[in-house]
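Read the structure below first, then the notes.
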Protein chains: 2
Amino acid sequence: MKLSAKGEYGVRAMVMLALCYDDGPVPLREIAEKENISYQFLEQIFLPLRRAGLIDSVRGPKGGYALARAPGEIKVGDIIRALEGPIAPVDCVSEGKSDRCGRTEACLTRGIWEKLRDRMSQLLDEITLADVIGLSADST
Amino acid sequence: MKLSAKGEYGVRAMVMLALCYDDGPVPLREIAEKENISYQFLEQIFLPLRRAGLIDSVRGPKGGYALARAPGEIKVGDIIRALEGPIAPVDCVSEGKSDRCGRTEACLTRGIWEKLRDRMSQLLDEITLADVIGLSADST
DNA sequence: ATAAAGCTGAGTAAATTTATCGGGATTACC
DNA sequence: GGTAATCCCGATAAATTTACTCAGCTTTAT
Ligand code: FES
Ligand code: FES
């Protein structure tokens with residue numbers, strides 16, 4: 001039930017981009033240094049983020065990455081899904097995968113995973129980058 | 001964000017034990033066959049479950065495993081924790097681990113993971129084995 | 001005594017994760 | 001037009017974890 005480093009780094013990097021949202025594109029090297037993440041590994045993380053349309057890139061000197069939309073329009077769930085695939089505690093509750101136990105209809109445990117999946121999705125989709133950088137003192 | 005096979009098998013096996021709660025101890029070999037899980041792998045799963053006090057074992061012929069308490073007294077969260085360790089999306093929000101990003105105090109993302117951890121824990125602790133085997137038609 | 005069962009540490013093959021490498025493609029600036 | 005900053009991206013390597021297997025022991029009903 002752990003996030004991979006990819007997901008963790010990705011969220012941290014996106015938070016950083018949110019903080020720099022008005023400063024023009026931020027070069028990857030800078031993010032890597034400030035967040036203490038391998039530059040080349042970060043490159044691999046930014047590729048899917050860009051393909052998911054969450055960030056825009058600018059090439060050449062003065063280039064870098066920037067959020068594709070305002071921080072309030074990007075959900076943490078979007079980032080996780082782009083980097084780790086569909087949110088689901090077991091494969092068989094995430095569309096189009098082989099179900100390990102075969103008995104999809106009769107399976108008693110399926111309901112657990114569906115509920116867990118829904119709660120996880122729901123929480124991650126109700127937190128935007130604006131929430132993360134703005135109000136560290138919001139309740140719940 | 002996936003459960004390992006260990007966790008998934010473990011929950012399925014425990015559900016099976018819950019179904020057999022009044023029948024005396026169930027031999028592992030039977031569970032392995034019915035649930036289509038490697039017998040030897042299941043042995044490795046039952047060890048931590050027993051050490052966590054969730055099941056009792058009876059040795060010798062006519063032996064096997066049985067739930068240590070009534071199905072209503074065993075939470076799915078108990079099973080997951082016994083098999084996968086503390087529920088937490090990243091290590092640093094689960095007591096006594098090294099925090100990868102170092103800046104525990106200032107870390108903006110920490111709040112996300114704490115909330116996620118709490119929601120996951122909460123859900124898994126509000127579902128007991130009795131819920132799983134009893135009412136497949138409960139809402140939410 | 002026998003056989004049915006649990007108990008357990010060590011070992012292993014495959015998969016996944018976490019990077020690293022090497023080079024290419026764009027573009028601001030001079 | 002040359003240079004250097006920067007993104008782009010497939011291939012590969014190292015490390016770790018997962019999912020099992022093996023071999024042999026202990027307990028106990030019959
Ligand atoms: S665990 Fe997938 S349907 Fe049962
Ligand atoms: S991710 Fe652990 S404190 Fe920031």
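Here is how names work: the chains are called A, B, and so on, in the same order as the sequence lines, proteins then strands, and each is numbered from 1. The structure displayed is predicted, hence computed values, not measured ones.
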Within the structure, does a side-chain N or O atom of [X] lie under 4.0 Å from either OP1 or OP2 of [N]?
| X | N | answer |
| --- | --- | --- |
| Tyr65(A) | dC8(D) | yes |
| Ser38(B) | dT21(D) | yes |
| Tyr9(A) | dA19(C) | yes |
| Ser4(A) | dT18(C) | yes |

Across all chains, not counting sequence neighbours, the salt bridge (Lys or Arg N to Asp or Glu O under 4.0 Å) partners of Glu33(A) are none

Under the salt bridge (Lys or Arg N to Asp or Glu O under 4.0 Å) rule, collect the residues that match up with Glu30(A), sequence neighbours excluded.
-> Lys34(A)

Using the test side chain to side chain contact (heavy atoms under 4.5 Å, CB included), find all partners of Val58(A) that sit at least two apart in sequence or belong to another chain.
-> Pro25(A)

Round to the nearest Å and state the distance from [X] atom [atom1] to [N] atom [atom2].
| X | N | atom1 | atom2 | value |
| --- | --- | --- | --- | --- |
| Leu83(B) | dT17(D) | CG | P | 17 Å |
| Lys2(B) | dA19(D) | NZ | C1' | 17 Å |
| Lys6(A) | dT16(D) | NZ | P | 18 Å |
| Leu3(B) | dA19(D) | CG | C1' | 14 Å |
| Arg29(A) | dA5(D) | CZ | P | 10 Å |
| Glu30(B) | dA5(C) | CD | C1' | 12 Å |
| Lys62(B) | dG6(C) | NZ | P | 13 Å |
| Ile37(B) | dA19(D) | CD1 | C1' | 12 Å |

What side-chain donor-acceptor pairs closer than 3.5 Å can you find for residues 65-87 of chain B, not counting sequence neighbours?
{"residue": "Arg69(B)", "atom": "NE", "partner": "Glu73(B)", "partner atom": "O", "Å": "3.2"}
{"residue": "Arg69(B)", "atom": "NH2", "partner": "Glu73(B)", "partner atom": "O", "Å": "3.3"}
{"residue": "Asp78(B)", "atom": "OD2", "partner": "Lys75(B)", "partner atom": "N", "Å": "3.0"}
{"residue": "Arg81(B)", "atom": "NH1", "partner": "Gly77(B)", "partner atom": "O", "Å": "3.3"}
{"residue": "Arg81(B)", "atom": "NH1", "partner": "Asp125(B)", "partner atom": "OD1", "Å": "3.2"}
{"residue": "Arg81(B)", "atom": "NH2", "partner": "Asp125(B)", "partner atom": "OD1", "Å": "3.4"}
{"residue": "Arg81(B)", "atom": "NH2", "partner": "Asp125(B)", "partner atom": "OD2", "Å": "2.8"}
{"residue": "Glu84(B)", "atom": "OE2", "partner": "Ser4(B)", "partner atom": "N", "Å": "3.2"}
{"residue": "Glu84(B)", "atom": "OE2", "partner": "Ser4(B)", "partner atom": "OG", "Å": "2.7"}
{"residue": "Glu84(B)", "atom": "OE2", "partner": "Gly7(B)", "partner atom": "N", "Å": "3.2"}

Can we say Glu126(A) and Arg119(B) salt-bridge, meaning some charged N sits less than 4.0 Å from an Asp/Glu carboxylate O?
-> yes

Sorted by position of nearest nucleotide on DNA chain C, 5' first, the leading residue of Gly7(A) and Leu28(B) is Leu28(B)

Approximate separation, where rounding is to 0.5 Å, of Ile112(B) CD1 and Asp131(A) CG = 9.0 Å

Contacting residues from residues 42-60 of chain A, given that a heavy atom lies under 4.0 angstrom of DNA chain D = Glu43(A), Gln44(A), Leu47(A), Arg50(A), Arg51(A), Ser57(A), Val58(A), Arg59(A), Gly60(A)

Phe41(B): partners by ring pair (Phe, Tyr, Trp, His ring centres under 6.0 Å), with sequence neighbours left out = Tyr9(B)

